[in-house]
Amino acid sequence: VTFRGSSYDSYYNEYSGSVTIPKTVTYNGTTYSVTSIGKGAFWNCFRLTSITIPNSVTSIGRWAFEYCSGLKSITIPNSVTSIGGGAFKGCEALTKLNYNGTQAQWKQIERDGDWMVGSSIEFIHCRDMMIAREEEEVSEKEIIEIVVVEDEEVEEGEEIFMIVDN
């Protein structure tokens, strides 16, 4: 991946399709580890559809993927420790964010309060469970069955659904 701009808003929409961020880059004969996705790095890349972030990255900057309206798939490695505000603002096609760590690890990430404001993210899919946007946790490891009680008189205020652990 080569960034040709002089600022975060020059050469916008330069990237399209699937992009893999490399673990290292070499510049003038020196190899550097890629440890962050900078402020506005992919700003307004509306033709970007998926992105793979290496486990060398520890931070995702403010507005990093802002207005990447075609972005459908992103996986955040468990090496990430911070996500900046507005990082996924305007990502209309992105409904599920994949995280390569556990729910406990996800909760340790420092996230600006508005990191997903203006996005369509509904779920954060961790290795051990899914977290709804409203921070309601839904375990994928538990199997539950909802049994509807039929043909019975139900009094007002009575429960008509029952949850049974399998």
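Because the structure is a prediction, the values reported are computed rather than measured.
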- Residue pair Ser59 / Ser36: nearest heavy atoms and the distance that separates them: OG-CB, 3.1 Å

- Query: Are the side chains of Asn98 and Ile74 in touch, meaning some heavy atoms are under 4.5 Å apart?
  - Reply: no

- Short question: side chain of Arg133, backbone of Ile121 - any donor-acceptor pair under 3.5 Å? yes

- Item | Rounded distance [0.5 Å steps], CE in Met116 versus CD in Glu122 | 10.5 Å

In residues 78-97, what donor-acceptor pairs under 3.5 Å come from side-chain atoms, sequence neighbours left out?
residue : atom : partner : partner atom : Å
Ser79   : OG   : Asn55   : O            : 2.8
Ser79   : OG   : Val57   : O            : 2.6
Thr81   : OG1  : Thr58   : O            : 3.1

- Item | Residue pair Gly101 / Cys126: nearest heavy atoms and the distance that separates them | O-CB, 3.4 Å

- Query: Partners of Thr31 by side chain to side chain contact (heavy atoms under 4.5 Å, CB included), sequence neighbours excluded?
  - Reply: Thr24, Thr26

- Sorted by chain and number, sequence neighbours left out, side chain to side chain contact (heavy atoms under 4.5 Å, CB included) with Asp112 holds for Arg62, Asp114

- With Tyr32 via side chain to side chain contact (heavy atoms under 4.5 Å, CB included) - residues at least two apart: Val25, Tyr27, Thr30

- Between CH2 on residue Trp106 and CD1 on residue Ile124, distance to nearest 0.5 Å: 5.0 Å

- Item | Results of side chain to side chain contact (heavy atoms under 4.5 Å, CB included) for Thr52 - residues two or more places apart only | Thr20

- Message: Ser18: which residues meet the side chain to side chain donor-acceptor pair (under 3.5 Å) condition with it, sequence neighbours left out?
- Response: Ser50

- Query: Can Leu71 and Ile51 be said to form a side chain to side chain contact (heavy atoms under 4.5 Å, CB included), step by step?
  - Reply: CA-CA 8 Å; Leu71 185 62; Ile51 190 140; 4.2 Å; yes

- After noting the C-alpha distance and the side-chain angles of Ile109 and Tyr99, does the key distance pass the side chain to side chain contact (heavy atoms under 4.5 Å, CB included) rule? CA-CA 11 Å; Ile109 295 175; Tyr99 176 65; 3.7 Å; yes

- Item | Euclidean distance, Trp63 CH2 relative to Trp43 CH2, rounded to 0.5 Å | 11.0 Å

- For Arg111 and Lys107, the nearest pair of non-hydrogen atoms, with its separation, is NH1-CA, 4.2 Å

- Message: Go through it in stages, so that I can follow the logic: the residues are Ile53 and Thr75, the test is side chain to side chain contact (heavy atoms under 4.5 Å, CB included), and I'd like the CA-CA distance, side-chain angles, deciding distance and then a yes or no.
- Response: CA-CA 7 Å; Ile53 301 172; Thr75 299; over 6 Å; no

- Checking Gln105 side chain against Thr102 main chain: does a donor-acceptor pair fall under 3.5 Å? yes

- Message: When you compare the side chain of Phe42 with that of Leu48, does any pair of heavy atoms fall below 4.5 Å?
- Response: yes

- Expected output: side-chain Arg127 to main-chain Asn100 donor-acceptor under 3.5 Å: yes

- Query: Sub-3.5 Å donor-acceptor pair from the side chain of Asn44 to the main-chain atoms of Cys68, do we have one?
  - Reply: no

